[in-house]
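Report on one structure; see the data block that follows.
The residues of the chain are indexed from 1 along the displayed sequence. One-based numbering, in listed order, for ligands and for the atoms of each.
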Amino acid sequence: MSGTTTLEDFRAEVRAWLEANCPPEMRQPMTSEDDICWGGRNARLSGPQRLWLQRMGERGWTAPTWPREYGGGGLSADEARVLAQEMRALNCRSPLASFGIWMLGPALLKFGNEAQKLEHLPKIARGEIRWCQGYSEPNAGSDLAALATRAEDRGDHYLVNGQKIWTSYADKADWIFCLVRTDSAAKKHNGISFVLFDMASPGVSTKPIALISGKSPFCETFFDNVRVDKHHLVGQAGGGWDVAKYLLTHERAMIGAIGERSAAKPLGQQAADQVGRDASGRLDDPMLRARIAEFEVDESAFRLLMERFGDLSKAGQAHPAFSSALKYYGAELNKRRHELLMSAGGSDALEWEGAAANEGASARDWLRSKANSIEGGTSEVQLNVIAKRILELPGA
Ligand SMILES: Cc1cc2nc3c(=O)[nH]c(=O)nc-3n(C[C@H](O)[C@H](O)[C@H](O)COP(=O)(O)OP(=O)(O)OC[C@H]3O[C@@H](n4cnc5c(N)ncnc54)[C@H](O)[C@@H]3O)c2cc1C
């Protein structure tokens, strides 16, 4: 935005551009997981998905606030908010879902060197490379610093051996950001490093983990003498814990944001479509109506809280642990939303396949929402962080 352009001029410009450039198909509600565009080398995209990703990528609006030299849009936080509002108003789908944008990008912007930023960020913003997250291990989840995957120093490279678990979409990802132990003699938080490598490297293998929902985003990921060149080390050797924690604050804020993510139709309307309306057009179930009203008030308050967090972050005044509070509450809200949709849908909502699954209530989505309070650090762990770091409670 130029110095003389106001935010309202910018809004008008954004709206006109979106109207002209967002393909009509990309303004329809998503009906299946195939509608989510994750990008990557092997992405199978429909024509409109590809066009939408390309157009948004060219403007840098897949990563609106990243600097232009790294493939971002160079927008201020206020402009990015306007873009998000206008996209919502026109029902534009997100052009790209990406661990690179949500998690790795912010960490690279803070801890990466110039060569790493130039190599990776533009490819993330254009959706060319899909990333996965190699943090959890069979004996290191909540106690992540107990991780045991070893990276042996071999001069110009590391040799990585070990196993990760719950690696979402590892079988579809092109690259991994990974926590490894480079110093087993150091205190557990100090011996960890943060490295990047190609999932096509010799010695990397993945094995999907089947889930009750019938879908399996998870993998076990194995490393057997994987060579990782040292220029793929982010930050200092042994300094990976700081990078990991910073990345987690972004992951938690991102997961928290699902609490404010409204479907194209307000929850009350979705429920009324299922249950029916009374003579005055209201949802024909006073108990459910009250629960939905309460939910919508809480959701609005949460959206305002997210905005306030954005403003405080912009001013450098956000509490570094506040993302734990957002993650905790956002996860709870999203679970409540799915409980309400299931209540509205009744026994039809339990249908595993078919029409009901696409009309608001979906048993698969309901089950998936349960995982919100585990992924990115469990709710119990977030409550510990809130007690200790934000409330500074005695004994916490
Ligand atoms: C949908 C989803 C996607 C995920 N994607 C990824 C991914 O892409 N990459 C990745 O690396 N990992 C991923 N994970 C793993 C996730 O980060 C871990 O599951 C999570 O950190 C918890 O670790 P754990 O499963 O080992 O449970 P544990 O740490 O064994 O915890 C078991 C139980 O004990 C409780 N507990 C543990 N410690 C404490 C404590 N100090 N105080 C109170 N309660 C405690 C926990 O809250 C939990 O209820 C994903 C998980 C899910 C559900």
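- Considering backbone and side-chain N/O of Glu375, none are found under 3.5 Å from N/O of ligand 1.
- Enclosure of atom CG in Asp143 by more than 12 non-hydrogen atoms of other residues, nucleotides or ligands within 6.0 angstrom is indicated.
- Counting only non-hydrogen atoms, the option in Ser136, Ser168, Pro138, Ala140 that gets closest to atom 18 (C) of ligand 1 is Ser136.
- For the ligand labelled ligand 1, residue Phe218 lies inside the 4.0 Å heavy-atom shell.
- Under 3.5 Å, the side chains of Asp365 and Ser369 contain no donor-acceptor pair of N or O atoms.
- In the vicinity of Ile374, heavy-atom distances shorter than 4.0 Å reach the ligand 1 atoms 19 (O), 20 (C), 53 (C).
- Taking each heavy atom of Asp242 and Phe111 in turn, the nearest pair found is O-CZ, 3.9 Å.
- For the residues Glu137, Glu380, Arg368, Lys370, the heavy atom positioned nearest atom 44 (N) of ligand 1 is part of Glu380.
- Residue-level proximity to ligand 1 for Thr378 is carried by the side chain, the only part with a heavy atom below 4.0 angstrom.
- In this pair, Phe218 and Trp166 present their aromatic rings perpendicular. The plane angle is above 60°, beyond the 30 to 60° band.
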Check your understanding: Are Trp131 and Trp102 close enough, and set up right, to give a ring-ring contact (aromatic ring centres under 6.0 Å, His included), and what steps lead you there?
Key -> CA-CA 10 Å; Trp131 289 81; Trp102 299 328; over 10 Å; no
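- In this structure, atom 32 (C) of ligand 1 is not in close contact with the protein, since no protein heavy atom lies within 4.0 Å of it.
- Those atoms of ligand 1 with a heavy atom of Tyr135 less than 4.0 angstrom away are 11 (O).
- The aromatic rings of His232 and His120 sit tilted relative to each other, their planes meeting at an angle between 30° and 60°.
- Protein non-hydrogen atoms do reach within 4.0 Å of atom 51 (C) of ligand 1.
- Within 6.0 Å of the CD atom in Glu19, the count of heavy atoms belonging to other residues, nucleotides or ligands exceeds 12.
- Protein heavy atom closest to atom 39 (C) of ligand 1, with residue, atom name and distance, is Val381 CG2, 4.4 Å.
- In terms of protein heavy-atom proximity, atom 7 (C) of ligand 1 is closest to Trp166 O, 3.0 Å.
- Counting only heavy atoms, the protein gets under 4.0 Å from atom 12 (N) of ligand 1.
- In this structure, Lys230 forms a cation-pi arrangement with Tyr158, its terminal cationic atom sitting closer than 6.0 Å to the ring centre and no more than 45° off the ring axis.
- What sits closest to atom 9 (N) of ligand 1 on the protein, heavy atoms only, is Gln133 O, 2.8 Å.
- Taking every non-hydrogen atom of Ser142 and a distance limit under 4.0 Å, the qualifying atoms of ligand 1 come out as 23 (O), 28 (P), 29 (O), 31 (O), 37 (C), 38 (N).
- A donor-acceptor pair shorter than 3.5 Å can be found between the side chains of Tyr70 and Glu114.
- Looking at Ser373, Gly141, Gly376, Ala371 and measuring to atom 24 (P) of ligand 1, the nearest heavy atom belongs to Gly141.
- Atom numbering of ligand 1 starts at 1 in the shown order; those under 4.0 Å from a heavy atom of Asn384 are 40 (C), 41 (N), 42 (N), 43 (C).
- Between Trp38 and Phe99, the ring planes are perpendicular. Angles over 60° get that label, and only those under 30° would be called parallel.
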